[in-house]
Amino acid sequence: MSETLIDLWRQFGDGALLWLPLTLIAYAAGLRLNRVAKNSPLANPLLIAIVIVVVLLVVTGTPYDRYFSSVQILQFLLGTATVALALPLWRQLETLRRFPGPLLLAIAVGSLVAASSAVGIAWALGASRETLLSLAPKSVTTPIAMAIAEQIGGLPPLTAILVALTGVVGAVLGRWTLNSVGVRDWRARGLAVGTVSHGMGTVRAFQVNEVAGAFSSLAMGVNGLLTALILPLIVKLFG
């Protein structure tokens, strides 16, 4: 009994038991600030939470690996929460059935452009092979992206960070970007956001319009499937 208490105390002492509640508190603070800002995309709750957690990690000198191992339960819950997106998708099933070819083509092209453009820019800037392989699946939802990165020789923790950054940028700038280029159709907007910025963009799409959210969840799922099937083959072919 005493050994168990000592072990728990050691975990508490190095912060292992603190990071999960601190992360949840940081996200709750982000939600609160987002409401105060009247749901402004610039006050994205996840972005606020990331900033808070990063500041805490720097101040306490905690390595990211230690933090990640302390909040792995969130990684598991993220995968299960994705299933909840099936409900609004089901509500738009009739619309989806009418345009299967164009939808799949649009998502496939978007997936290819999202991965190749990021890898191409990083390669031009002299990034290492591991960084390039970690960057390739950055537009796929985190559980899938990390599994892909591990399979192709990337660094899963780095991929997780890149996925989060991609999602935040898409959630914050997606609406403004689509307005700027004149995309008005909610279906097209949802496909674009879901393909490029996965779950975080999809959450934002649902906040704006349910049709956009449904098509965004479709794009997120199909993009994850296509990337998981095709990217390892591409790496193996050109590796």
Without swapping roles, check the side chain of N223 against the backbone of S139 for a donor-acceptor pair under 3.5 Å.
yes

From E210 CD over to W186 CH2, what is the distance, rounded to the nearest 0.5 angstrom?
12.5 Å

Work out which heavy atom in L191 is nearest to a heavy atom in L218; give both atom names and the distance.
CD2-CD2, 4.4 Å

Looking only at non-hydrogen atoms, find the nearest pair between I52 and A26 and report the distance.
CG2-CB, 3.8 Å

So if you build clusters from Ile, Leu, Val, Met, Phe, Trp, Tyr with side-chain heavy-atom gaps below 4.5 Å, do V196 and I121 land together?
no

Is it the case that the side chain of S197 and the backbone of G167 share a donor-acceptor pair, with hydrogens and angles ignored and the cut-off at 3.5 Å?
no

Minimum heavy-atom separation for A118 and L135, please, with both atom names.
O-CD2, 3.3 Å

CD1 on I161 to OG1 on T166, rounded to 0.5 Å:
11.5 Å

Taking all atoms of both residues into account, what is the closest heavy-atom pair of T23 and Y67, and its distance?
OG1-OH, 2.9 Å

Considering only heavy atoms from C-beta outward, does the side chain of K138 approach that of T159 to under 4.5 Å?
no

Closest heavy-atom pair, A145 versus V140, reported as atoms and distance to 0.1 Å, is CB-O, 3.6 Å

When you look at F215 and N209, which way does the side-chain contact (heavy atoms from CB on, under 4.5 Å) test go after all the steps?
CA-CA 10 Å; F215 277 80; N209 182 273; over 6 Å; no

What's the separation between atom OG in S70 and atom CG in L22, rounded to the nearest 0.5 Å?
10.5 Å

Hydrophobic clustering (ILVMFWY, side-chain heavy atoms < 4.5 Å, transitive) - are V71 and V53 grouped together?
yes

Evaluation steps, side chain to side chain donor-acceptor pair (under 3.5 Å), between R189 and N179
CA-CA 9 Å; R189 292 167 72 96; N179 287 340; 2.9 Å; yes

Where the side chain of S134 meets the backbone of L155, is there a donor-acceptor pair that is under 3.5 Å apart?
yes

Between the CZ atom in F206 and the OG atom in S217, the distance rounded to the nearest 0.5 Å is 4.5 Å

If we ignore hydrogens and angles and just use 3.5 Å, is the side chain of T62 paired with the main-chain N or O of V58 as donor and acceptor?
no

So do V163 and T141 actually touch side chain to side chain, heavy atoms under 4.5 Å?
no

Would you say T195's side chain and A192's backbone share a donor-acceptor pair under 3.5 angstrom?
no

Side-chain heavy atoms under 4.5 angstrom apart, residues restricted to Ile, Leu, Val, Met, Phe, Trp, Tyr: same cluster for M200 and I50?
yes

Do H198 side-chain atoms and T142 backbone N/O form a donor-acceptor pair below 3.5 Å?
no

Under a 4.5 Å side-chain heavy-atom rule over Ile, Leu, Val, Met, Phe, Trp and Tyr, are L237 and L226 clustered together?
yes

For P157 against M146, the heavy-atom pair lying closest together
N-CE, 4.5 Å

Stepwise side-chain contact (heavy atoms from CB on, under 4.5 Å) check, I48 with N34
CA-CA 9 Å; I48 294 171; N34 182 258; 5.5 Å; no

Please assess V193 against L178 for the test side-chain contact (heavy atoms from CB on, under 4.5 Å), listing each intermediate value before the final yes or no.
CA-CA 9 Å; V193 170; L178 293 170; 3.9 Å; yes

Do you reckon I107 sits in the same ILVMFWY cluster as V113, going by side-chain contacts under 4.5 Å, direct or chained?
no

Stepwise side chain to side chain donor-acceptor pair (under 3.5 Å) test for S128 and T131
CA-CA 5 Å; S128 67; T131 301; 2.9 Å; yes

Please lay out, stage by stage, how I144 and T227 fare under the test side-chain contact (heavy atoms from CB on, under 4.5 Å).
CA-CA 9 Å; I144 300 175; T227 305; 6.0 Å; no

